Amino acid sequence: MKSDAIKRGLERAPHRALLHALGCDAADMDKPFIGVVNSFTEIVPGHVHLRDIADEVKAGVRAAGRRTV
């Protein structure tokens, strides 16, 4: 899986340490990482709804048994 690029190998030990500090455990390392990104900002009026959309997407990820941080 693509997220193995930051999780696997000796050279990625510092990355794993930071992920563990965020609360990821060994079981999380065997699952794909899913990034939720948007352009929410309070400055642009047309973007204020994006926070709610991102929250719903993260809720869907959690409902599927995945963890978000």
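The structure displayed is predicted, hence computed values, not measured ones. Count residues from 1 along the sequence.
One distance of note links CG of Asp28 with CG of Leu19; it measures 9.0 Å at 0.5 Å rounding.
Scanning all heavy atoms of the two residues, the minimum distance from Arg51 to Glu42 falls at NH2-OE2, 3.8 Å. Contact between Met1 and Lys7 at its shortest, heavy atoms only, is SD-NZ, 4.0 Å. Contact record, Asp30 with Arg8: OD1-NH2, 3.2 Å, taken as the closest heavy-atom pair. Smallest separation of non-hydrogen atoms from Asn38 and Leu50: ND2-O, 3.0 Å. Closest of all the heavy-atom pairs between Phe40 and Val48 is CE1-O, 3.8 Å. Closest heavy-atom contact between Pro32 and Ser3: CA-OG, 3.6 Å.
Here the side chain of His47 pairs a donor or acceptor atom with the backbone of Ser39 at under 3.5 angstrom.
For the side chain to side chain donor-acceptor pair (under 3.5 Å) test, no residue two or more places apart in sequence or in another chain qualifies with Asp52.
Few gaps surround CD on Glu11; more than 12 heavy atoms of other groups in view lie less than 6.0 Å from it.
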